[in-house]
Amino acid sequence: MSDLSKWTPSDMLEPVRRFLDGDLSIAPGIRIEQFHEGSTLVVRAEVPGIDPDQDVDVSVSEGMLHITVERLEKSEHKNKDGYRSEFRYGSSSRSVALPPGAREEDITATYKDGVLEVRAPAPEVVPAETTKRIRIDRS
């Protein structure tokens, strides 16, 4: 019980603040926004405090863009009454459908100020699929 007396009101409200900020530890995720600039799909992912060379994987498969982030976050709080250290780690991912006709080799990704931006250009005119009629045999 004596340990509880060392907690400040802000310490006790920290989990509530994180919940209201959308930080749900039971369901980690990556916050994204996506929009089109002309025929280019732009996806921005909020991933602060990571090393994009080591902690982020951007890949494409079967018409989907996949963003995966491995996170290790540490924080320390020191004051005259004590010391508290916290860390969070885990993997989060998001997948977004690519526009029709987008080619993997044209997709680019940049990281600046905690935001990963992925651009997937697509041709203005997508070639129409041809319809082939299947003949039905009678047995």
Side-chain angles (χ1 to χ4, degrees):
M1 190 69 147
S2 63
D3 289 338
L4 290 177
S5 65
K6 293 179 183 178
W7 281 41
T8 65
S10 63
D11 291 336
M12 290 184 269
L13 293 176
E14 180 66 15
V16 174
R17 183 199 59 78
R18 288 189 356 221
F19 175 78
L20 293 174
D21 285 346
D23 180 9
L24 305 174
S25 298
I26 58 171
I30 302 171
R31 290 189 241 187
I32 66 167
E33 65 178 2
Q34 68 184 65
F35 56 92
H36 287 273
E37 282 184 355
S39 63
T40 299
L41 171 67
V42 179
V43 178
R44 290 188 182 141
E46 183 181 88
V47 287
I50 53 100
D51 179 352
D53 297 326
Q54 296 180 11
D55 302 333
V56 178
D57 179 55
V58 179
S59 61
V60 174
S61 67
E62 299 178 4
M64 298 292 288
L65 170 70
H66 306 284
I67 301 171
T68 304
V69 176
E70 291 285 334
R71 180 183 308 263
L72 175 59
E73 185 177 327
K74 297 178 184 179
S75 67
E76 296 181 47
H77 303 281
K78 297 178 184 178
N79 62 32
K80 65 180 181 178
D81 295 327
Y83 170 81
R84 183 181 67 170
S85 174
E86 292 185 24
F87 65 93
R88 296 186 302 166
Y89 58 91
S91 177
S92 300
S93 64
R94 289 293 295 264
S95 296
V96 176
L98 290 168
R103 298 181 329 150
E104 179 180 339
E105 55 271 11
D106 296 334
I107 298 173
T108 60
T110 57
Y111 182 80
K112 182 179 178 185
D113 298 331
V115 177
L116 174 71
E117 181 176 281
V118 181
R119 294 180 160 269
E124 290 287 337
V125 178
V126 178
E129 291 186 23
T130 58
T131 303
K132 181 178 177 185
R133 189 173 179 116
I134 305 297
R135 194 179 108 211
I136 301 171
D137 290 327
R138 293 185 182 215
S139 305

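Each residue takes its place number in the sequence, starting with 1.
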Peer 1: Once rounded to the nearest 0.5 Å, what's the spacing between atom CD of E104 and atom CG of D106?
Peer 2: 10.0 Å
Peer 1: So Y83 and H77, do their side chains get closer than 4.5 Å, heavy atoms only?
Peer 2: no
Peer 1: For residues I50 and E70, report the shortest heavy-atom separation together with the two atoms involved.
Peer 2: CG2-O, 4.4 Å
Peer 1: Any chance you could measure L65, atom CG, to Q34, atom CD, to the nearest 0.5 Å?
Peer 2: 9.5 Å
Peer 1: Is the shortest heavy-atom distance from the side chain of I67 to the side chain of D57 under 4.5 Å?
Peer 2: no
Peer 1: Would you say T108 and V118 make side-chain contact, with heavy atoms under 4.5 Å?
Peer 2: no
Peer 1: Among all residues two or more places apart in sequence or in another chain, which pass the side-chain hydrogen bond (donor to acceptor under 3.5 Å, both in side chains) test with H36?
Peer 2: none
Peer 1: Kindly give the heavy-atom pair with the smallest separation between R94 and I30, and that separation in Å.
Peer 2: NH1-O, 2.7 Å
Peer 1: Taking all heavy atoms of G49 and all of Y111, pick out the closest pair and write down the distance.
Peer 2: N-OH, 3.8 Å
Peer 1: Partners of E37 by side-chain hydrogen bond (donor to acceptor under 3.5 Å, both in side chains), sequence neighbours excluded?
Peer 2: R119
Peer 1: With sequence neighbours left out, write down each residue that passes side-chain contact (heavy atoms from CB on, under 4.5 Å) with V115, or none if nothing qualifies.
Peer 2: R44
Peer 1: Which heavy atom of P123 sits nearest to which heavy atom of P100, and what is that distance?
Peer 2: CD-O, 4.2 Å
Peer 1: Considering residues at least two apart in sequence or located in another chain, which fulfil the salt bridge (Lys or Arg N to Asp or Glu O under 4.0 Å) criterion with R135?
Peer 2: D137
Peer 1: Listed by chain and number, what are the side-chain hydrogen bond (donor to acceptor under 3.5 Å, both in side chains) partners of S95, not counting sequence neighbours?
Peer 2: H66
Peer 1: Would you name the heavy atoms of A122 and S39 that are closest together and state the gap between them?
Peer 2: O-OG, 2.9 Å
Peer 1: V56 versus L116: any side-chain heavy-atom pair under 4.5 Å?
Peer 2: yes
Peer 1: Compare every heavy atom of T68 with every heavy atom of S93, then report the nearest pair and how far apart it is.
Peer 2: CB-OG1, 3.7 Å
Peer 1: Got a sec, which hydrophobics cluster with F35, joining ILVMFWY side chains under 4.5 Å apart, including via others?
Peer 2: V42
